[in-house]
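Input: a single structure, listed below in structure tokens.
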Number of protein chains: 2
Amino acid sequence: MSGKIDKQIGEGETQETIKTKLLECDINPTFQRNEIARVMLSKPQHLSADQVLTLVNAKDGHVSKATVYNTLNLFVEKGLIREVAIDPTKIFYDSNTSHHHHYYNEDTGEIYDFETDVMSLNPKSSLPENTVQSGLDVVVRVKNST
Amino acid sequence: MSGKIDKQIGEGETQETIKTKLLECDINPTFQRNEIARVMLSKPQHLSADQVLTLVNAKDGHVSKATVYNTLNLFVEKGLIREVAIDPTKIFYDSNTSHHHHYYNEDTGEIYDFETDVMSLNPKSSLPENTVQSGLDVVVRVKNST
DNA sequence: CTGCTTGCAAAGGCTTTGCAGAACA
DNA sequence: TGTTCTGCAAAGCCTTTGCAAGCAG
């Protein structure tokens with residue numbers, strides 16, 4: 001971990017890349033949406049709406065709470081990000097929409113990704129009748145051993 | 001489905017069995033706790049606090065909302081039941097604490113169990129440092145194909 | 001000008017908490 | 001009698017909604 005981390009945050013995606021991604025998802029790239037997308041997409045991460053609000057306004061923007069909530073819902077609906085059901089009392093949003101799963105540290109609240117090659121899942125053989133799979137969430141809950 | 005259903009509900013566990021289970025979990029078996037345990041443990045199922053409240057009071061009992069919430073939390077804390085993180089807006093409680101996972105029908109809200117033999121998971125090789133696994137939640141989200 | 005977007009404040013749903021009365025040992 | 005438990009109501013947190021003002025095409 002180097003001292004460059006601060007500088008790198010938010011630069012994983014350029015302003016242009018972000019607008020392109022929004023447009024690809026049929027999202028009109030307004031100022032607020034750009035700001036929220038920049039925070040969310042800067043790196044693979046898992047943020048609550050409140051954390052997004054704080055991060056967006058920690059920089060130069062000034063985005064209201066309602067807009068953050070509505071925008072995050074819009075992003076989920078359009079497939080730009082996804083919801084993570086880890087904490088039953090709060091919604092987390094995940095900037096990584098590719099197939100992967102989560103370690104959740106119950107002691108610290110930290111969330112880590114792990115890739116699908118860690119597991120093999122074969123649920124098709126027993127899906128409920130007349131249904132098709134639309135998503136898969138795997139949460140491995142861990143706690144500190146030390 | 002026969003007309004005996006009403007009579008059968010709640011008889012999956014006898015009054016004695018329920019009290020024994022409560023005592024085994026260090027829970028003082030009061031009237032309200034017995035009622036709530038009877039509803040929860042009558043069969044493998046997934047209920048929200050509100051559903052438990054309705055079911056408990058649909059019978060002869062009269063248990064307050066606060067007691068239902070507090071008691072369900074007590075049961076979770078004592079390991080008698082477990083929380084299921086499926087719907088980020090509502091907590092579901094699962095009467096089955098053994099290893100199993102869930103299909104969640106996003107169209108209907110229905111939850112079905114599936115057993116662990118459907119999947120093989122080998123997360124130990126990559127658990128975060130200094131942690132031990134404390135739980136595993138797998139949710140396969142499905143939607144109607146018809 | 002017309003439609004989309006934003007923001008404030010209020011409302012909403014789910015859950016927890018404070019405290020007084022009831023039950024129990 | 002002292003501790004535990006219950007229930008009502010109020011408060012709390014997170015999220016959504018209504019509506020007026022702002023912006024873009």
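So you know, we letter chains A, B, ... as the sequences are listed, proteins then strands, and number each from 1. Worth saying up front: this structure is predicted, and the values here are computed from it rather than measured.
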Closest non-hydrogen atom pair, B:Met40 against B:Leu72: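 Reported closest heavy-atom pair: CG-CD2, 4.1 Å.
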Shortest non-hydrogen separation from A:Asp113 to A:Tyr103 and the atoms involved: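 Looking at all heavy atoms of both residues, the shortest contact is O-CD1, 4.3 Å.
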D:dT6 OP1/OP2 closer than 4.0 Å to side-chain N/O of B:Thr67: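 No, no such contact exists.
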Rounded to whole angstroms, how far apart are [atom1] on [X] and [atom2] on [N]?
X	N	atom1	atom2	result
A:Gln32	D:dA21	CD	P	18 Å
A:Arg33	D:dA24	CZ	P	13 Å
A:Asp87	D:dC14	CG	P	10 Å
A:Leu53	D:dC13	CG	C1'	15 Å
A:Gln51	D:dC13	CD	P	16 Å
B:Asn70	D:dA10	CG	P	18 Å
B:Tyr69	D:dC13	OH	C1'	13 Å
B:Leu22	D:dC5	CG	P	12 Å

Okay, side chain of [X], backbone of [Y]: is any donor-acceptor separation there less than 3.5 Å?
X	Y	value
A:Gln32	A:His62	no
B:Ser42	B:Val39	yes
B:Ser145	A:Asn130	yes

Donor on one side chain, acceptor on other, B:His100 and B:His102, under 3.5 Å: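 Short answer, yes.
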B:Thr89 and B:Asp87 side chains, donor-acceptor separation under 3.5 Å: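 Note: B:Asp87 and B:Thr89 side chains meet the donor-acceptor criterion.
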Pair A:Arg38 + A:Glu35, salt bridge at N-O below 4.0 Å: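 Yes, this pair counts.
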Note: B:Asp26-B:Lys78 ion pair, threshold 4.0 Å (strictly below):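 No, this pair does not count.
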Contact nearer the 5' end of DNA chain D, comparing B:Val68 with A:Tyr93: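 It is B:Val68, whose closest nucleotide lies nearer the 5' terminus.
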When all nucleic acid strands are considered with a 4.0 Å heavy-atom cut-off, which category describes [X]: base, sugar-phosphate, or nothing?
X	result
B:Thr30	sugar-phosphate
B:Asn73	sugar-phosphate
A:Asn28	sugar-phosphate
B:Thr89	sugar-phosphate

Sorted by number, the residues of residues 104-112 of chain B with heavy-atom contact under 4.0 Å to DNA chain D: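 The answer is none.
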Nucleotide range of DNA chain C lying under 4.0 Å from chain B heavy atoms: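 Range of nucleotides within reach of chain B: C:dC14 to C:dT17.
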